Peer 1: 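Please find one structure pasted underneath; my questions will follow.
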Amino acid sequence: PLVGFLLPIVASWLPVVASWPAPVVDYRAVLYTDNATAIALAAAALRTWMAANDPDYPLYHLAPPEGHANDPNGVTWDAARGLYHRFYQYDRTYDESCMHGNYTDCDRFSRNGTLNPAARAWGQTTSRDLVHWEEWPAIVGDSEWDWRAVYSGNCALDDRGDPVCVYTGGREAPCDTGVCATSRDWIHWEKRGCMLTAPSPKSQTNHDSALVRLRDGTWVVVVGGCTYNGSNVPNGTCMGNAQLWRSDDLSTFRYWKPLGAAEGPGTYWELPYLLGFDEHGTALPNDAIEDASTTALLFGEGGNKYFFGSLADDVSFSRAWAEPKETDAFPPYYSFNPHATDVQSDGTTRRLMFGWILVFGPTSRVSAAAEAGRVPPWDGAHSLCRAVTADVGAGALVQAPCPETRALRGIRAGALANKRLADGVFVGLSNVGDALNVVASFDVGNADFVGLSVRVLDDFSCDVVWNVSAATLTAGVDPPWPAVYPPAPTDPVELEVFVDRSIVEVYFFGAALTSRCALPASLHDAVPSEIASVRAFAKGGTATLAQLEAWTMGSMWV
């Protein structure tokens with residue numbers, strides 16, 4: 001999606017660098033090719049170099065090799081080929097004269113004299129195990145339908161088992177065209193404009209594409225937009241709603257109708273997804289949406305919102321309650337993508353979700369190392385893979401880290417058990433580093449707050465704090481982000497925390513909270529990150545740290 005307040009990034013962030021070392025130069029030399037092996041090797045080498053030279057660059061959360069990354073796109077499990085594909089919106093303009101707002105020399109990104117400085121593409125990563133990933137050639141804006149940009153969308157497998165990716169492109173202006181890109185190998189793409197006319201002056205032709213398939217074989221694309229009292233006839237304020245398009249063959253889509261008459265909140269929705277679940281809360285695949293006992297409607301509108309409700313036979317959604325819930329804190333988390341499913345060993349479907357993390361801010365959009373010119377500018381990352389189910393009784397999504405992620409655990413960095421936590425006294429593990437998986441359990445006693453301080457370096461830390469009476473969690477720095485309410489909090493309080501340098505993800509009671517933990521410039525060179533500590537604490541009373549374990553985490557890149 002086009003989130004205006006997150007861009008542009010000012011030119012003052014871009015130091016003038018005469019030359020970069022080999023990993024940067026080698027990556028740029030193959031970036032615009034379709035050589036998957038060369039791109040994978042060069043991107044892995046650059047990420048290794050970035051991590052060695054920028055203590056904020058993550059090890060096991062997807063970040064661009066350099067440049068700007070945002071929305072997860074086209075996440076797909078291709079069972080026949082044995083590959084997961086995860087794309088990401090990628091501003092891949094790469095030199096200091098044409099990058100992130102410094103558009104002084106962008107002629108090579110022009111078409112017929114019209115400038116396209118963003119050169120937005122879909123970066124592509126692939127994995128066989130959801131753990132280790134490698135870079136593949138991007139989907140680039142190289143046709144009449146998408147030369148202005150390759151914006152958000154998703155992919156499905158057609159009846160031959162080949163991918164069709166439906167995304168937002170642009171002929172005359174961004175978002176005036178929906179593009180269908182087909183491939184036999186996930187590398188070379190044939191494109192056509194398959195959605196050509198906006199349903200109303202306020203709803204774009206295509207804005208974030210999600211696909212479901214009906215029993216009769218019809219494909220439905222769910223896109224963002226707004227409607228006037230459930231219609232597309234201008235009358236008063238256009239309120240947030242989703243728009244539906246149909247196709248028999250994933251080739252040409254025709255506009256169908258709005259999702260339903262129950263509009264809002266807000267005046268425009270991004271990222272609409274319809275997720276079906278059975279009566280036990282187990283996920284259903286995208287081609288079984290009509291079999292759902294309950295349906296979640298996710299959408300982006302000033303946050304990461306969702307409703308629970310029901311889907312009628314004509315794909316009209318009726319929501320169960322008036323106010324939406326949140327999947328995670330906004331910002332820094334946004335642009336969730338729960339489109340992909342895979343199949344587990346017991347035959348059940350699993351729903352996978354990723355999201356975009358705005359790693360830096362609000363005062364800067366790049367790390368201190370990039371600002372100082374030690375590494376090329378980079379920003380944006382993805383959350384970990386999350387398995388999503390439903391708590392049907394509570395009407396809530398349940399999020400858990402995909403267990404495959406724990407395969408990146410290295411050494412057991414330390415453990416504590418049955419430690420009394422006096423008010424304001426810290427108990428912890430020293431010199432464990434800042435790429436960690438931490439599991440902690442607290443008996444809250446009479447404390448008002450319990451929590452963890454992670455990435456503790458000198459007087460710097462990121463605090464994960466559970467408010468006992470309010471049953472809310474806050475986390476991170478710059479500043480701590482709003483609480484996300486879990487489905488059913490209990491005592492003891494169990495937290496699983498993934499610390500990945502400048503990123504913190506916390507899982508608790510079936511909820512998730514993403515935050516950021518970027519170092520101040522004063523610590524980038526002064527303190528080695530491997531001496532970072534983890535500390536448990538209680539405030540306003542005493543509690544017991546029942547268990548604390550920490551493991552180092554390795555790189556996701558192969």
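Quick caveat, the model's predicted, so the values are computed rather than measured.
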Peer 1: For the pair Phe308 and Tyr306, name the ring-plane relationship: parallel under 30°, tilted 30 to 60°, perpendicular over 60°.
Peer 2: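 Rings of Phe308 and Tyr306: perpendicular, over 60°.
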Peer 1: Check whether any side-chain heavy atom of His61 lies under 4.5 Å from a side-chain heavy atom of Val359, and answer yes or no.
Peer 2: no
Peer 1: Which atom pair, heavy atoms only, marks the closest approach of Phe509 to Pro486?
Peer 2: CB-CB, 3.6 Å
Peer 1: Yes or no on disulfide bond (SG atoms under 2.5 Å apart) for Cys165 and Cys180, after CA distance, side-chain angles and deciding distance?
Peer 2: CA-CA 6 Å; Cys165 296; Cys180 292; over 6 Å; no
Peer 1: For the backbone of Ala149 and the side chain of Asp146, can you confirm whether one donor and one acceptor N or O come within less than 3.5 Å of each other?
Peer 2: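 Absent.
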Peer 1: Please find the pair of heavy atoms, one from Glu135 and one from Gly123, that lie closest to each other, and give the distance.
Peer 2: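 The pair with the smallest heavy-atom distance is OE2-CA, 4.4 Å.
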Peer 1: So is Arg246 actually on top of Trp219's ring, under 6.0 Å and inside 45° of the axis?
Peer 2: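 Checked: cation-pi criterion not met.
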Peer 1: Please step through side chain to side chain contact (heavy atoms under 4.5 Å, CB included) for the pair Leu408 and Phe498, ending with a clear verdict.
Peer 2: CA-CA 11 Å; Leu408 292 173; Phe498 291 89; over 6 Å; no
Peer 1: Could you list all the side chain to side chain donor-acceptor pair (under 3.5 Å) pairs where at least one residue sits in residues 312-324, not counting sequence neighbours?
Peer 2: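 Qualifying pairs: Lys257-Ser316, Asp314-Ser316.
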Peer 1: Any non-hydrogen side-chain atom of Pro201 less than 4.5 Å from a side-chain atom of Pro234?
Peer 2: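 Touching, per the 4.5 Å side-chain cut-off.
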Peer 1: Please check if the distance between the ring centroids of Tyr167 and Trp122 is under 6.0 Å.
Peer 2: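 Distance test on ring centres: under 6.0 Å, yes.
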Peer 1: Does the ring centre of Trp136 sit less than 6.0 Å away from the ring centre of His85?
Peer 2: yes
Peer 1: Check whether any side-chain N or O of Thr205 sits under 3.5 Å from a backbone N or O of Ala198 as a donor-acceptor pair, and report yes or no.
Peer 2: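 Side chain of Thr205 to backbone of Ala198: a pair is present.
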Peer 1: Is it the case that Glu270 and Tyr268 place a side-chain donor and acceptor less than 3.5 Å from each other?
Peer 2: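 Glu270 vs Tyr268: no donor-acceptor pair found between side chains.
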Peer 1: Using atom types as modelled and distance alone, determine if a side-chain donor or acceptor of Trp269 lies under 3.5 Å from a backbone N or O of Pro265.
Peer 2: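 Yes; at least one donor-acceptor contact below 3.5 Å.
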Peer 1: Once you round to the nearest 0.5 Å, how far does OG of Ser515 lie from CD1 of Ile503?
Peer 2: 10.5 Å
Peer 1: Between Thr227 and Asn229 (side chain of the first, backbone of the second, donor and acceptor by atom type, cut-off under 3.5 Å), is there such a pair?
Peer 2: no
Peer 1: Which heavy atom of Ser335 sits nearest to which heavy atom of Trp356, and what is that distance?
Peer 2: OG-CE3, 3.5 Å
Peer 1: Would you say the ring centers of Trp557 and His132 fall short of 6.0 Å from each other?
Peer 2: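 No, ring centres 6.0 Å or more apart.
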Peer 1: Just how far is it from atom CD1 of Ile39 to atom CG of Leu46, taken to the nearest 0.5 Å?
Peer 2: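 Between Ile39 CD1 and Leu46 CG, I get 13.0 Å after rounding to 0.5 Å.
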Peer 1: Run through Phe307, Tyr334, Tyr273, Phe336 and flag the one making a ring-ring contact (aromatic ring centres under 6.0 Å, His included) with Phe299.
Peer 2: Phe307
Peer 1: I'd like to know if the side chain of Gln204 and the backbone of Cys175 have a donor-acceptor N/O pair within less than 3.5 Å.
Peer 2: no
Peer 1: Walk me through whether Tyr57 and Trp378 qualify under ring pair (Phe, Tyr, Trp, His ring centres under 6.0 Å).
Peer 2: CA-CA 9 Å; Tyr57 192 82; Trp378 70 275; 5.0 Å; yes
Peer 1: Between Ser231 and Tyr228 (side chain of the first, backbone of the second, donor and acceptor by atom type, cut-off under 3.5 Å), is there such a pair?
Peer 2: yes
Peer 1: Test your reading of the model: is there a side-chain donor-acceptor pair from Thr237 to the backbone of Met239, 3.5 Å cut-off?
Peer 2: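 Pair absent, no side-chain N/O of Thr237 close to backbone of Met239.
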Peer 1: Report the residue from Asn337, Asp208, Asn73, Thr76 that forms a side-chain hydrogen bond (donor to acceptor under 3.5 Å, both in side chains) with Asn154.
Peer 2: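 Among Asn337, Asp208, Asn73, Thr76, the one meeting side-chain hydrogen bond (donor to acceptor under 3.5 Å, both in side chains) with Asn154 is Asn337.
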Peer 1: Compare every heavy atom of Asp328 with every heavy atom of Arg386, then report the nearest pair and how far apart it is.
Peer 2: NH2-OD2, 2.9 Å
Peer 1: Given 3.5 Å as the limit, does a donor-acceptor pair link the side chain of Ser247 with the main chain of Asp249, or not?
Peer 2: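 Between the backbone of Asp249 and the side chain of Ser247 there is a qualifying donor-acceptor contact (under 3.5 Å).
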Peer 1: List for me each residue that meets side chain to side chain donor-acceptor pair (under 3.5 Å) alongside Asn286, sequence neighbours excluded, and say none if there are none.
Peer 2: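 Applying side chain to side chain donor-acceptor pair (under 3.5 Å) to Asn286 gives Arg351.
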Peer 1: Which pair of non-hydrogen atoms, one from Asp176 and one from Arg171, has the smallest distance, and what is that distance?
Peer 2: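 What the structure gives for the nearest pair is OD1-N, 2.8 Å.
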Peer 1: Just checking, any donor-acceptor pair under 3.5 angstrom between side chains of Ser251 and Arg192?
Peer 2: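 On atom types as modelled, these side chains qualify, holding a pair under 3.5 Å.
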Peer 1: Could Arg86 and Phe354 be counted as a cation-pi pair, given that NZ or CZ must be under 6.0 Å from the ring centre and within 45° of the axis?
Peer 2: yes
Peer 1: Roughly how far, to the nearest 0.5 Å, is CG of Leu275 from OG1 of Thr389?
Peer 2: 11.5 Å
Peer 1: Met195 vs Arg254, test: side chain to side chain contact (heavy atoms under 4.5 Å, CB included). Steps then yes/no.
Peer 2: CA-CA 7 Å; Met195 302 166 67; Arg254 60 192 181 277; over 6 Å; no
Peer 1: For Thr182 and Val164, what are the C-alpha separation, side-chain angles and deciding distance, and is it a side chain to side chain contact (heavy atoms under 4.5 Å, CB included)?
Peer 2: CA-CA 5 Å; Thr182 61; Val164 179; 3.7 Å; yes
Peer 1: Please determine whether side chain to side chain contact (heavy atoms under 4.5 Å, CB included) holds for the pair Leu513 and Tyr333, giving the CA-CA distance in whole Å, both sets of side-chain angles, and the decisive distance to 0.1 Å.
Peer 2: CA-CA 8 Å; Leu513 179 64; Tyr333 182 94; over 6 Å; no
Peer 1: Of the non-hydrogen atoms in Asp162 and Arg81, which two are nearest, and what is the gap between them?
Peer 2: OD1-NH2, 2.8 Å
Peer 1: Would you give the length of the straight line joining atom CD of Gln344 to atom OG1 of Thr349, rounded to the nearest 0.5 angstrom?
Peer 2: 9.0 Å
Peer 1: Using atom types as modelled and distance alone, determine if a side-chain donor or acceptor of Asp278 lies under 3.5 Å from a backbone N or O of Thr282.
Peer 2: yes
Peer 1: Using modelled atom types and a 3.5 Å cut-off, is there a donor and acceptor pairing between side-chain atoms of Arg148 and backbone atoms of Glu172?
Peer 2: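 A pair under 3.5 Å: yes.
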Peer 1: Under 3.5 Å, side-chain donor or acceptor atoms of residues 291-298 against the rest of the protein: list the pairs with distances, not counting sequence neighbours.
Peer 2:
{"from": "Asp291", "atom 1": "OD1", "to": "Arg215", "atom 2": "NE", "distance (Å)": "3.3"}
{"from": "Asp291", "atom 1": "OD1", "to": "Arg215", "atom 2": "NH2", "distance (Å)": "3.1"}
{"from": "Ser293", "atom 1": "OG", "to": "Glu279", "atom 2": "N", "distance (Å)": "3.3"}

Peer 1: Working to the nearest 0.5 Å, report the span between CD of Glu404 and CG of Leu130.
Peer 2: 5.0 Å
